[in-house]
Every structure is written in structure tokens, then in C-alpha cells.
S.K.: 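Handing you this structure, nothing more for now.
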There are 2 protein chains.
Amino acid sequence: MTKTIVRFGLLIVALFCLLAISKYWWISGDLSVELILSILALVFFWIGVWISKQNAVKQQNNSIVLDALKGKEIGLTTRELEVLSAMSAGASNKEIGEQLFVSESTVKTHVSNILVKLNAKRRTQAISLARELQLLKK
Amino acid sequence: MTKTIVRFGLLIVALFCLLAISKYWWISGDLSVELILSILALVFFWIGVWISKQNAVKQQNNSIVLDALKGKEIGLTTRELEVLSAMSAGASNKEIGEQLFVSESTVKTHVSNILVKLNAKRRTQAISLARELQLLKK
DNA sequence: ATTAATTTGGTACTTTAGTATGAGTCTCAA
DNA sequence: TTGAGACTCATACTAAAGTACCAAATTAAT
């Protein structure tokens with residue numbers, strides 16, 4: 001959470017700098033209007049892309065990417081999404097626990113909650129449903 | 001693919017319109033520079049977010065398709081591929097047996113053989129590996 | 001500041017999953 | 001026709017997975 005605040009803080013600072021520079025260019029008349037607007041558009045476009053990507057939970061180990069925003073819509077918590085991701089990579093409860101530094105009991109609790117939220121009977125079905133819901137991407 | 005092209009086409013048209021409007025505003029002096037730049041920045045920011053999301057969500061089809069030829073290359077038999085397919089859809093051994101009109105014991109045998117052939121410890125891992133091997137599509 | 005939600009973890013239990021082993025049937029090619 | 005491979009099924013077992021409780025610590029939100 002703190003990370004997010006810092007990230008957005010830096011972002012806003014950067015935005016103000018860019019706006020200030022844009023205005024300076026505009027007043028001094030060094031650059032054409034089209035160019036200034038284009039640069040501004042491009043920069044903000046990429047910032048949008050970047051922010052959007054930051055919101056995706058990425059698992060480095062098996063390259064399975066999860067749509068965190070979509071997950072939240074469905075009602076899955078951050079931790080549950082992490083468990084779901086590891087689960088879909090084929091990890092056992094014990095292995096998931098080791099990966100996330102929690103006990104197997106905790107993982108079982110998370111898995112149970114995931115099954116209820118996705119209305120699945122088994123973990124394999126949960127994975128299948130998550131894929132149908134476009135929650136898991138490859 | 002066609003969809004993507006259409007989408008980007010519309011996007012580019014929209015961008016040009018916006019740039020033109022921005023320039024008009026700038027020349028006519030109806031709005032302040034800050035406002036114009038801010039609006040432009042905001043719009044492009046959201047376009048960036050939108051594009052990023054569109055690129056993330058690609059898979060529409062959820063039906064499980066299996067590459068039988070590829071499966072045979074790996075050494076999986078026809079029946080094993082059928083079991084693997086049902087397995088990846090989230091079915092239990094019992095349910096797979098009902099689907100294929102065989103006993104649960106038979107399914108267990110098939111599953112065990114699949115695990116050996118794919119070098120997997122669990123069925124979830126087998127599904128994950130099958131996906132990596134492009135054996136399971138979508 | 002105080003609810004509300006999340007995360008963590010435990011015990012005890014039932015249900016599935018998976019292994020090991022053996023064996024019968026069927027098909028197809030040598 | 002004989003043997004290999006595929007498919008079938010069973011028993012007995014061990015290992016995971018999953019459920020149903022409970023409870024505490026942490027974090028987010030109002």
C-alpha cells in the first residue's frame with residue numbers, strides 16, 4: 001500500500017513538471033502547438049499503459065499473469081488471487097505455503113474461500129472457471 | 001485481429017479529432033492552456049489504460065480444445081487425451097468416468113499414466129504443463 | 001477511533017487424488 | 001498366431017485436498 005502511495009506521488013510530481021514544461025514551451029513559442037500536444041498525449045498515453053500494467057499481479061516463476069482488477073470485481077482478495085495463481089501453476093497447498101511464506105492451513109483457508117467465491121467444487125474447476133472469467137491470462 | 005485493426009483505426013481518428021479541437025481552443029483562446037493540456041493529458045491517460053486492458057484480454061473462447069497430434073507426439077494415447085481434456089475442465093475422477101462411460105478406477109489409471117508421461121506430480125500441474133506444451137488451447 | 005475486512009493459523013474430520021500391483025479383453029501388425 | 005500396445009477394472013494403500021469450525025493479529029475504511 002505504501003508502495004502505491006509513493007508510486008502515485010512520484011507520478012503526480014512528474015505530471016506537474018511535464019505540464020510546467022509544456023506551458024513554458026507554449027509561451028516561449030520554441031515548439032509548434034502540434035508537437036507539444038503530441039508529446040503530451042504520447043507521454044500520458046504511456047503513463048496510462050504503465051499504470052494499468054502495475055495493477056496486474058505478475059508471478060515471475062511460471063509467467064502466469066492474473067487480472068487483479070477483474071479479480072477484485074469478482075470479490076477475490078489480493079491474497080486469494082496470489083493463491084489462485086500459484087494453484088493454477090500446479091502447486092500443492094504445501095508448496096503454495098512455502099512460496100507465500102504462510103502455513104499450509106492458511107493456504108487451505110484461502111483455497112476454500114476461492115472455491116466458494118468462484119462457485120467451484122475443486123481446485124481444477126476453479127482454475128477452469130478463472131480462465132473462463134478471463135481472470136487468468138497466459 | 002480485424003477487431004483490433006478497427007479498434008485502433010477508430011482510436012486514431014478520435015485522437016486526430018481531439019488534437020484538432022485542442023488546437024482550435026488554443027488558437028481561439030476560449031480556454032486556458034492548463035485546462036487544455038489537462039484535458040488532453042487525462043484523455044490520453046485513460047486511452048492508455050483502455051488499450052492496455054484490451055491487449056490483456058484476448059481470449060474469448062473458453063471451450064477446451066486439445067491438440068491431438070501434439071499429444072501423440074508426447075506419447076499420450078487417445079483415451080489419455082480425453083481424460084486430460086475433462087480433467088482440465090475441472091472434472092473429478094468420478095465425473096470423468098461418467099462422461100467417458102468407464103469406472104473411476106480406469107480414470108485413475110489414465111490419470112496416473114498422464115502424470116508419468118507429462119512428468120507431473122499433480123493433476124493441476126499436468127494441466128499447467130499441457131498448457132505450456134500448447135497441448136491445451138484456450 | 002472504532003467497525004469492517006483481510007490475513008493468518010489451528011484441530012478434527014471427510015472426501016478425492018494418486019500409487020502400486022495385478023489381470024482380463026481387444027486390436028493391429030509382424 | 002503371437003506379442004505389443006491400448007483400454008479396462010479391481011483392491012489396498014498413502015497422500016493430498018477440502019470442510020467446518022474456531023480465534024487472533026493486522027489492515028482498511030468510515
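Naming: A, B, ... by sequence-line order, numbering from 1 per chain.
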S.K.: For residues A:T109 and A:S112, is any side-chain donor paired with an opposing acceptor at under 3.5 Å?
M.R.: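 No donor-acceptor contact under 3.5 Å links the two side chains.
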
S.K.: From C-beta outward on B:T109, which listed nucleotide comes closest to its side chain: D:dG18, D:dT8, C:dT7?
M.R.: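 Comparing D:dG18, D:dT8, C:dT7 against the side chain of B:T109, the answer is D:dT8.
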
S.K.: Would you kindly compare B:K108 and B:E80 by the position of their nearest DNA chain D nucleotide and give the one closer to the 5′ end?
M.R.: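 Going by which nucleotide is closer to the 5' end, it is B:E80.
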
S.K.: Nearest whole angstrom, please: distance from the C1' of D:dT26 to the CZ of A:F101.
M.R.: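 Interatomic distance, CZ of A:F101 to C1' of D:dT26: 19 Å.
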
S.K.: Counting heavy atoms from C-beta on, name the nucleotide in D:dC7, C:dG9, C:dA17 closest to the side chain of A:R122.
M.R.: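 Selected nucleotide (nearest to the side chain): C:dA17.
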
S.K.: Just to be sure I understand the rule, does B:S112 reach a base, reach only the sugar-phosphate, or reach nothing, if contact means heavy atoms closer than 4.0 Å?
M.R.: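 Result for B:S112 = base.
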
S.K.: I need the CG-C1' distance between B:L115 and D:dT14, as an integer number of Å.
M.R.: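 So the CG-C1' distance, B:L115 to D:dT14, works out to 15 Å.
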
S.K.: Output the rounded distance in Å from CG (B:N113) to C1' (C:dA17).
M.R.: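 In whole Å, C:dA17 C1' lies 15 Å from B:N113 CG.
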
S.K.: Using whole Å, what does the distance between atom C1' of nucleotide D:dT8 and atom CZ of B:R79 come to?
M.R.: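 Those two atoms, CZ and C1', are 10 Å apart.
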
S.K.: Checking contacts here: which listed nucleotide (D:dG18, D:dT11, C:dG18) is nearest the side-chain heavy atoms of B:V111?
M.R.: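 My answer, after comparing the listed nucleotides, is C:dG18.
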
S.K.: Is there a side-chain polar atom (N or O) of A:N93 under 4.0 Å from OP1 or OP2 of D:dA17?
M.R.: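 Answer yes for this pair, as a side-chain N or O of A:N93 is under 4.0 Å from OP1 or OP2.
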
S.K.: Specify the separation, in whole Å, of atom NE2 of B:H110 and atom C1' of C:dA20.
M.R.: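 These atoms are roughly 17 Å apart.
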
S.K.: Rounded at 0.5 Å granularity, tell me how far CG in A:N93 sits from CE in A:M87.
M.R.: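 It comes to 8.5 Å.
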
S.K.: Nearest heavy-atom pair of B:S88 and B:I127: which atoms, and what distance?
M.R.: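 Shortest heavy-atom contact: CA-CD1, 3.6 Å.
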
S.K.: Categorize B:S105 for me: base, sugar-phosphate, or nothing, with a 4.0 angstrom heavy-atom threshold over every strand shown.
M.R.: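 Base: the residue B:S105, judged by heavy atoms under 4.0 Å, touches a nucleobase.
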
S.K.: From the list C:dT6, D:dA16, D:dG18, which nucleotide is the closest neighbour of the side chain of A:T77?
M.R.: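 Taking heavy atoms from C-beta onward, the closest nucleotide is C:dT6.
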
S.K.: Could you tell me how far apart B:E104 (CD) and D:dA12 (C1') are, to the nearest whole angstrom?
M.R.: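 Interatomic distance, CD of B:E104 to C1' of D:dA12: 14 Å.
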
S.K.: Distance check, rounded to the nearest 0.5 Å: A:I96 atom CD1 versus A:H110 atom NE2?
M.R.: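 If we round to the nearest 0.5 Å, A:I96:CD1 and A:H110:NE2 are 10.0 Å apart.
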
S.K.: How is A:T106 classified with respect to the nucleic acid when contacts are heavy atoms under 4.0 Å: base, sugar-phosphate, or nothing?
M.R.: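 Counting heavy atoms under 4.0 Å across all strands, the contact made by A:T106 includes a base.
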
S.K.: Please answer whether the main-chain N or O of A:K121 pairs with a side-chain N or O of A:Q125 as donor and acceptor at a distance below 3.5 Å.
M.R.: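 Looks like yes, one N/O pair under 3.5 Å.
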
S.K.: B:I127 CD1 to C:dA17 P: how many Å, rounded?
M.R.: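 Going from B:I127 (CD1) to C:dA17 (P), I get 11 Å.
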
S.K.: Is any side-chain N or O of B:S103 closer than 4.0 Å to OP1 or OP2 of D:dA10?
M.R.: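 Yes.
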
S.K.: Take atom NZ of A:K121 and atom P of C:dT15, then tell me their distance rounded to the nearest Å.
M.R.: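 For the pair A:K121 NZ and C:dT15 P, the rounded distance is 15 Å.
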
